[in-house]
Amino acid sequence: MIHNGWEFYQGEQKINGWEFYQGEQKIKVRVKSDRAVNDGDIVRRWCLDGVGIAKKSAIDVSADLLAGRLQRVMPGYHIPVTEMWMVLPSRQLITPAVRLIRDALKNKINELRGQLIKEGRLSEEEWPAFE
């Protein structure tokens with residue numbers, strides 16, 4: 001059990017378990033905390049203040065990792081890679097401007113990925129290239 005890891009809400013559902021992988025082995029950990037929130041930036045700020053640990057997206061905390069404000073505490077473990085989606089109400093709204101935004105996001109994410117890998121903060125296996 002991890003103490004002072006943050007419990008998180010997705011909608012009304014409390015997420016108080018974390019999944020990690022060490023190689024192919026899946027490890028589930030229950031998180032116990034006196035804090036729960038549904039805002040990932042608040043969790044990030046709590047970590048910056050030094051009052052706990054969090055399981056966060058590398059994209060979300062890349063600037064903090066690169067600047068040394070945050071560091072990984074379990075580098076031998078990784079979290080499952082998730083997909084990122086752009087959601088539009090209709091396919092007719094996929095305009096050249098939306099494609100430019102998508103491509104700019106992909107480029108920025110891949111740039112951050114490259115910096116984190118170059119500085120040894122992540123490995124290529126932990127964060128496959130974003131296509």
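All values reported here derive from a predicted model rather than from experimental measurement.
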Inter-residue atom distance [X].[atom1] - [Y].[atom2], 0.5 Å rounding:
X      : Y      : atom1 : atom2 : value
Ile79  : Met74  : CD1   : CE    : 11.0 Å
Arg113 : Glu124 : CZ    : CD    : 5.0 Å
Ile94  : Arg102 : CD1   : CZ    : 8.0 Å
Leu65  : Lys56  : CG    : NZ    : 11.0 Å
Asn107 : Leu100 : CG    : CG    : 10.5 Å
Lys55  : Trp18  : NZ    : CH2   : 8.0 Å

query: Where do Cys47 and Gly52 come nearest, in terms of heavy atoms and distance?
result: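 Heavy atoms of Cys47 and Gly52 come nearest at SG-O, 3.7 Å.
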
task: Indicate the atoms forming the closest heavy-atom contact of Leu93 with Leu88, along with that distance.
output: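 Leu93 and Leu88 have their closest heavy atoms at O-CD1, 3.9 Å.
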
field: Any residue meeting side-chain hydrogen bond (donor to acceptor under 3.5 Å, both in side chains) with Ser90, in chain and number order, not counting sequence neighbours
entry: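 Residues passing side-chain hydrogen bond (donor to acceptor under 3.5 Å, both in side chains) with Ser90: Gln92.
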
query: Who are the side-chain hydrogen bond (donor to acceptor under 3.5 Å, both in side chains) partners of Asp49, not counting sequence neighbours?
result: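 Once residues adjacent in sequence are excluded, Asp49 has no partner under the side-chain hydrogen bond (donor to acceptor under 3.5 Å, both in side chains) criterion.
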
- request: Dump the intermediate steps for side-chain contact (heavy atoms from CB on, under 4.5 Å) on Gln71 and Asp64, then the final yes or no.
  value: CA-CA 8 Å; Gln71 59 183 302; Asp64 297 312; over 6 Å; no

- request: Evaluate the criterion salt bridge (Lys or Arg N to Asp or Glu O under 4.0 Å) for residue pair Arg44 and Asp60; output intermediate values, then yes/no.
  value: CA-CA 9 Å; Arg44 180 187 146 273; Asp60 193 29; 5.9 Å; no

field: Other cluster members, Trp85 - Ile/Leu/Val/Met/Phe/Trp/Tyr, side-chain contacts below 4.5 Å
entry: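 Traced through the cluster, Trp85 reaches Val87.
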
- prompt: Would a 4.5 Å heavy-atom cut-off, applied to side chains only, mark Ile27 and Glu19 as touching?
  reply: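 Sidechains of Glu19 and Ile27: no contact.
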
message: Would the distance check show the side chain of Arg69 and the main-chain N or O of Leu48 forming a donor-acceptor pair, the cut-off being under 3.5 Å?
response: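 No; zero donor-acceptor contacts below 3.5 Å.
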
query: Is Asp41 salt-bridged to Arg45, going by a charged N under 4.0 Å from an acidic O?
result: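 A salt bridge links Asp41 with Arg45.
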
task: Spell out, yes or no, whether Val73 and Tyr21 are grouped together once hydrophobic residues are joined by side-chain heavy atoms under 4.5 Å, including indirect joins.
output: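 No, Val73 and Tyr21 fall in different hydrophobic clusters.
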
